[in-house]
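Each remark here refers to the structure printed beneath this line.
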Amino acid sequence: MSSDAPRLRPPHHRVDRRAVWWWTTRSLTVTVVLTAVPVVPALIWAPPRSWFLLAAAVIGGLGLLITVVMPQWRYRVHRWEVTDTAVYTASGWIWQEWRVAPMSRIQTVDTARGPLQRAFGLSSVTVTTASAAGPIEITGLDHTVATDVAERLTETTQATPGDAT
Amino acid sequence: MTSPDGLSPQTPDHPADPEVPWQRLHPLSVWASAAVAGIFLVPSAIVGTIVLAVLGQYPWVFFPVPGSLAFLALTTYLDLLRLRATRYRVTDERMEVRSGVIAKSYRSIPRERVRSVDVAAPLYVRVFGLCSVTVGTGEKVGSGGSDQLQLIYVTAEQGEGLRRDLLHRRAPRRTGDAEGADGSGTAGAAEEEAAEEEAADEVELARLVPAWLAYAPATAATLGVGLGAIAALLGLNAQTGGVGWDWVSGRLGLPTPEQMSSFVMARLLMVVPLSLLALLVSGVVVLTLAAVETWWNYRLTREADGTVRLRRGLLTSVSLSVEGRRLNGVTLHEPFVLRSVGGADVRAVATGLSAADEKKTSAKSRLSPGMPRARARALAADLMREEASPLDVPLTAHPRSALRRRFTRAGFVTVLGTVAAAALAWAHGLANQTWWEHAIRAEQEFAPVPLATPVLETTPTWGWGVLAVLLGVAAFWYALGSYRGLGHGLHPRYLVVRQGMAARDTVALERSAVIGWRITRSPFQRWAGLADVAATTAAGSGMYAATDVGLGQGLAWADAAAPGLLEPFLVREDGGGASGAREREGA
């Protein structure tokens, strides 16, 4: 490849540090629930108990590994940036995704706070374009930051003419 | 939720326009539905009565006919209520529909958001002179969540009038529309006049050549039958004394035809070829008939204002209109079998061809039947109004590492296939006489003539090896074909991506219709320096990707395709833009 091949630079802002705890809690909850699934029959039936417990151990082990690795990894990847002309985000951990949407094509801007996000004082911003490829989401922002971003996006897009398609 | 464009369809805060009267669906539509239901219900009720009379169930004999009539009356009454409750009108700014008997609904869309108008007339509706109209908007309308407005049914004239008014950005002709429901003479005359005027400045892009229908059976389903035909040829070979196979096996030192054919063909000779031929013929007949129904009277035209109009159908006549500027591109679709016989079909990449239902989208976006490839490419160029067809743009190949990825996958499949074959060969060796007898008896339960088990029993164990080798060859051949299918390019107005082996799609998408980029990388892609670079758009499937493109190559392409959008987020190889530039000058 030639030396001037372009690359994507990471977006400027990291998400809030508390997002790590949010991802950890979420992953831990899922792990606990999934591990409990084979544990229940293990308590009821004696003969295949060891197999169920083995399954529980495997699921629990994998889940814990993910719980330890994933949030740190995500924190290093997840970034966002809003310029005067576009929204730019990076997300994912094993599979990674970068999204760019120009201001002129943004249709709606929402902020949302799930109960778990609220417990950590976090919010996410969802930016919808006319594409069926799905909205751009910036998750794990501090609540006030998210509100500011949404306001700024709404103002900028309102100032841009066109029907966003 | 904030809606920056202030055009949320839920808020009817537009200036009320008392001038334009509301229109109704045509009263005949109720009777059309009733007649169709009656055609099915009444005869079955009569049959039911006769059956019950024969069985001597006297009190019940009097139930089916009155019962079905009462049911018919009830549904007709409900339909009548629905008809009475439904009103629509087209004002200068909006199309509005009121409907609902119990739950009232009001849906309103700005006319500038109308992307496509689909007028369909199934045979049983056509005899009443009616048609249904579906208006595609490319976005959700109201809380119902559908992105379409439907009118079932209006008169053919009303349908045609709606089609024209909604897509031509001129004020509705009020005299005609106001009386349209009664189908009065003046309205009809106006329609005819307009139709004549329209026909004059209509450009025909394509018209059905009946020979094209021969491409209809060229699908993977018929290929399966075709594979069977090859097996039948082998049977024929054995029947004629196996001259051909004698020659091949003599050269290669394979088992003699006696060894091979004595077990397989002894009594299957007649059954297998005949049933395969029957399958092939019936497959071809069915597919051709379906194509005749779908594509009869096929005409693709462009009207004076740029609207592209598709007309087709024998029993259900369909007319689909897509506003010119909503047609953001074209897909040249070449499924493997159609491709190998030199055919292709053309699909639209258009906003408002309901993106919600994938199946429907592909049905509606099909702008042509299978046709010769050169014709399809010419049609695509015509549709895009380009002298130099975007499909003729030379495409850049993707890096070798994309081929390596595909070979790795093929290798994986081969290894799995070999392991499975070895396991089966081992199990095959273990199975003894009694086991086979049980298996044959079991197969006899399902099929009159057991074919599979005797063939299996007499196949030597190395047959599994042959199978594994064939699988491996096919996997690597597929990998190579799939790599060769990859490509991306740029036309002054369009970006072009191509991919696919089983079905190769070459997509030309208007560069001005790109509304963002999505770059994804799996761990393997990061390792190999590859990425999927996808342009997001409001049209068609919403996203068109250059798959497994080199990261730098793909980003440079995306940057060139939509200048300025990606630029602020790119850095040249070694960090700073300035140092990169210096390095370039030095090199």
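Just so it is clear: chains get the letters A, B, ... in the order the sequence lines come, proteins before strands, and each one is counted from 1.
Two residues are said to be in side-chain contact when any heavy atoms from C-beta on lie closer than 4.5 Å; V135(B) and L166(B) meet this criterion.
In this structure, NE2 on H78(A) lies 10.5 Å from CH2 on W93(A), to the nearest 0.5 angstrom.
Your options are P568(B), A562(B), G564(B), and the one with the most heavy-atom pairs under 4.5 Å with chain A is P568(B). Chain B forms more heavy-atom pairs under 4.5 Å with one residue of E81(A), Q96(A), H12(A) than with any other, namely Q96(A).
When heavy atoms are compared at a cutoff of 4.5 Å, T537(B) approaches chain A solely by way of its backbone atoms N, CA, C and O. Only the side chain of T83(A) comes within contact range of chain B, judged by heavy atoms closer than 4.5 Å.
Ion pairing between R94(B) and E96(B) fails under the 4.0 Å rule for side-chain N and carboxylate O. Between R326(B) and E510(B) there is no salt bridge, since none of the side-chain N atoms of the basic residue sits less than 4.0 Å from a carboxylate O of the acidic one.
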